[in-house]
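Keep in mind that what you see is a predicted model, and the values were worked out from it rather than measured.
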Amino acid sequence: MDNEVFIEGTIEDIVYTNPENGYSVIDLSCDKSLITAVGVMPSCSAGEKLRLKGQWVNHPTFGKQFKVTACERSMPKTAGDMLRYLSGGTIKGIGPATAAKIVERFGEDTFDILENHPEELCKIKGISHDKALDIQEKFKGQFALREVMISLERLGLNPTEALSAYKALGADAAQRITENPYILCSERVGLSFDRADELADGLPSGYNVLLRNRAGIIHILRHNLRNGHTCIPREKLIIPSFELLGTERSEVQEIIDDLITDREIVEEFIDSKSFIFLPDEYNDEKKIADRIKIMLRFPPARGRTLDKDIDRIEEKKGIHFEKKQREAITIAVTKGLLVLTGGPGTGKTTTLNGILELFEKQKLRVLLAAPTGRAAMRMSEVTGRQAKTIHRLLETEWTDGNRQHFARNTENPLEADAVIIDELSMVDTHIFASLLDALPLGCRLVMVGDSDQLPPVGVGNVLQDIIESGLLPVVALKEVFRQALESLIVTNAHKIVRGEYPELTVNNNDFFFLQRNNVFHCAETVTELYCKRLPSAYGYSPIEDIQIITPSRKGELGTVSLNKKLQALINPPSPDKDDYHCGAKVFREGDKVMQTKNNYDILWTRGKESASGIFNGDIGIIIAINHNASFMKINFDGRVAVYPFDNAPELEHAYAVTVHKSQGSEFEAVIMPVCACLPQLSYRNLLYTAVTRAKNRLILVGTQEQIKAMVDNDKKTRRYSALKHFLLKDQL
């Protein structure tokens, strides 16, 4: 930034620090004045001297502050600074009184004594030999961390990057980066390839071109995973690789072969064509296929389901199961493995409840789960039984290396005789592989989903691949029940799936179409419906009952533009409401927000229950902003999370969300703009997914031509996956 400056000073006090990401608020003595500096300054302590790069900003509550973008540090050199440093509690075992005694005796030699001559500390009353050695160990550990951070910052890494590198690579991070700067764009550290290139160019020793080329190819492969692929054809890896690296095609081929030999990537031939994987994605799909084949080979103990058992449920519940529903219930109980699919109104919930009745009649321990919090909540509502997110079911934990793992696995399986998973279309390969890994041998598994919806946000195409493999029993419910036919939302959803145009001229109180011929009139109508017309007509709360769902993030009808307008109308600035500025976004008390990535560390409470983890797609309301402690309180559907400011970049406003982000959720009323959509987002199952998010009201705003274009386009986005291949290969 053009207005960035450098300042130097000594830390007087640490007001706040987050040990996980290094975000800190400090009081800095600078030019005989005390200033507040905020930003990523990991492992800082009072008494330390800092040279900071950043810019002056005016905080709405706390006034003038220095916002830090880079931090260089040096250890205290004077006896006074050493006393301040040790008195701050940085070294466990040394409090203010002990610090004063040590510095008074050893003066400016204090740090040398602590590091190299701990026996001298025994001359101070109260410090035994063992305690002296313990102080030395802790001091060296603290120094080692600082030395690493200093070394990394000298290589050009900013504080956030340096902390990520240290956590991933350990104490010899600087040496490893000097030897191979492209280790920085590995998944563990997470920098971009371009950033690694930039840092490599700044190294006095230069870099190894071969290491750069290998990292570049892996970078391209990993980039494709963000589009949902688990693998890509080798040819599609070669072309962008030699364009990025500026090398010959033949050399790219050789490097790919070397990476395969070194097992950094994996090659598999599918229908005689070479596909390339990263090891984790290859292992996940292979693990899923192998586990399913074992489950088929060693099925659960057969349960008896007589027609009269199903008849009793019908009599008890006052319902009637159709032929396909009875078939699904019978397969679930007798075979123990079932994929149940169907669109809205086809009786999936009724069938699921029938399966649950018979499982419980047999005294089976049954667990229910769904991929998102909202989907799990809805599953609980329709079954009357507790459902959890899959992450909570598997008990997500983090290793010391900041890597996710699940406490429930092969060694510690779930305590269940049957597991039912809803919204399987949203489940990616890693989560599904982990789920299968946690099933005890002989556990029944019922998988429920709508195969016409969008594929998961993560990698893979689990539901579709399992169905197409033909290995597992699949029951597809297609008959729409009479009462569901009264809903135009349901009948139009099924028309869209069949490639027929929805009925747009009949208003029967749940499905409406409003013609608007340009994006500006469309945006005006959408905001008016959200803020005034629907609340006035139906008593809806804009925040709690209405959701705008749009195909894109960009443009006049994208989430960014709509959210800005809607925040100004629904939740404008007010003296009674605190807000927090995060880059171009302003989060305000009362705002509706969405989490955009899985974060397993955020703590939340719900009554007496407490846990951690807020996940991609979770929607909440900001109920409080605390500037003193640098956090927000956000209510995510009853889970009240303490949300640190430094995680705020993971949030977006959620008055309007994309169709992809709405998966697994259901809303009382949905408004969807359908006008001038980007061609790559104008396709049938995107429209179908949006329509099926509405529970009782759906309003499409735009042009009939756009709706027809989406219905006509049944070309689903190509997603490369290999699960079907592995399921059919070498069957046990």
Side-chain angles (χ1 to χ4, degrees), residues 70 144-145 147-227 229-268 274-284 399 401-403 459:
L145 173 59
E147 289 300 317
V148 171
M149 296 301 293
I150 290 169
S151 299
L152 292 173
E153 288 162 8
R154 284 174 181 160
L155 292 177
L157 280 74
N158 65 39
T160 302
E161 294 167 342
L163 188 61
S164 297
Y166 171 74
K167 285 184 174 182
L169 305 176
D172 59 346
Q175 180 182 341
R176 293 177 67 182
I177 292 167
T178 302
E179 293 170 354
N180 177 15
Y182 294 96
I183 199 172
L184 291 168
C185 59
S186 66
E187 190 172 18
R188 292 179 64 197
V189 183
L191 271 63
S192 70
F193 182 79
D194 290 342
R195 178 62 174 145
D197 245 353
E198 181 184 342
L199 291 165
D201 286 338
L203 290 177
S205 57
Y207 59 86
N208 184 305
V209 175
L210 178 59
L211 293 176
R212 176 181 185 269
N213 291 344
R214 289 169 68 100
I217 290 171
I218 292 174
H219 158 75
I220 291 168
L221 190 53
R222 188 174 292 116
H223 176 77
N224 275 276
L225 299 186
R226 298 192 188 108
N227 297 323
H229 307 301
T230 61
C231 57
I232 59 172
R234 180 171 176 140
E235 189 61 31
K236 288 187 176 290
L237 180 60
I238 291 170
I239 296 171
S241 293
F242 73 73
E243 289 177 350
L244 172 72
L245 302 172
T247 188
E248 295 298 323
R249 184 187 181 101
S250 59
E251 188 176 350
V252 170
Q253 292 273 28
E254 290 177 11
I255 296 169
I256 291 174
D257 287 336
D258 288 342
L259 287 168
I260 293 168
T261 300
D262 295 340
R263 302 187 67 79
E264 291 191 46
I265 61 177
V266 181
E267 182 178 41
E268 177 79 13
S274 170
F275 283 77
I276 305 296
F277 301 71
L278 287 173
D280 285 349
E281 282 60 45
Y282 177 86
N283 291 334
D284 282 339
T399 65
N402 209 32
R403 294 179 66 84
V459 301

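Here the straight-line distance linking atom CZ of R249 with atom CD of E243 works out to 10.0 Å at 0.5 Å rounding. Interatomic distance, C185 SG to R212 CZ, rounded to the nearest 0.5 Å: 10.0 Å. Annotation: the span from H219 atom NE2 to N224 atom CG amounts to 9.5 Å, rounded to 0.5 Å. If you take CG on L169 and CZ on R188, they are separated by 6.0 Å, rounding to the nearest 0.5 Å. Atoms CD and CD1, from E281 and I232 in turn, are 12.0 Å apart once rounded to the nearest 0.5 Å. Note that OG of S274 and CD1 of I238 are 8.0 Å apart. Values are rounded to the nearest 0.5 Å.
Heavy atoms only, all atoms of each residue included: I255 and R214 are closest at CG2-CG, 3.7 Å. Of all non-hydrogen atoms in A215 and Y182, the two that sit nearest each other are CB-CB, 3.5 Å. Closest approach of G170 and V148 over heavy atoms only: O-CG1, 4.3 Å. Closest non-hydrogen pair, A162 versus L152, comes out as O-CD1, 3.3 Å. Residues A196 and P181 come closest through the heavy atom pair CB-O, 4.0 Å. When all heavy atoms of G156 and E161 are compared, the closest pair comes out as O-OE1, 4.4 Å.
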Go through the steps for L245 and I217 under the test side-chain contact (heavy atoms from CB on, under 4.5 Å), then give the verdict. CA-CA 9 Å; L245 302 172; I217 290 171; 4.1 Å; yes
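Proximity of F193 to L244: side-chain heavy atoms (C-beta onward) are separated by under 4.5 Å at one or more points. Two residues are said to be in side-chain contact when any heavy atoms from C-beta on lie closer than 4.5 Å; I183 and V189 fail this criterion. Inter-residue side-chain proximity for D257 and E267 is flagged as unmet; no heavy-atom pair is nearer than 4.5 Å. Proximity of I276 to V266: side-chain heavy atoms (C-beta onward) are nowhere separated by under 4.5 Å.
S241 pairs with exactly one of L221, V252, N213 by the side-chain contact (heavy atoms from CB on, under 4.5 Å) rule, that one being V252. Results of the side-chain contact (heavy atoms from CB on, under 4.5 Å) test with T230 over V459, D284, D280 single out V459 as the only residue that passes. Looking at I177, L155, L184 one by one, the single match for side-chain contact (heavy atoms from CB on, under 4.5 Å) with L199 turns out to be L184.
One N or O on the side chain of N208 and one on the backbone of L210 form a donor-acceptor pair closer than 3.5 Å. For N180 (side chain) and R176 (main-chain N/O), no donor-acceptor pair under 3.5 Å exists by modelled atom type.
In this structure, Y282 and F277 have perpendicular ring planes: the angle between them is above 60°, well past the 30° mark.
Taking 4.0 Å as the cut-off between side-chain N and carboxylate O, R195 and E198 count as a salt-bridged pair.
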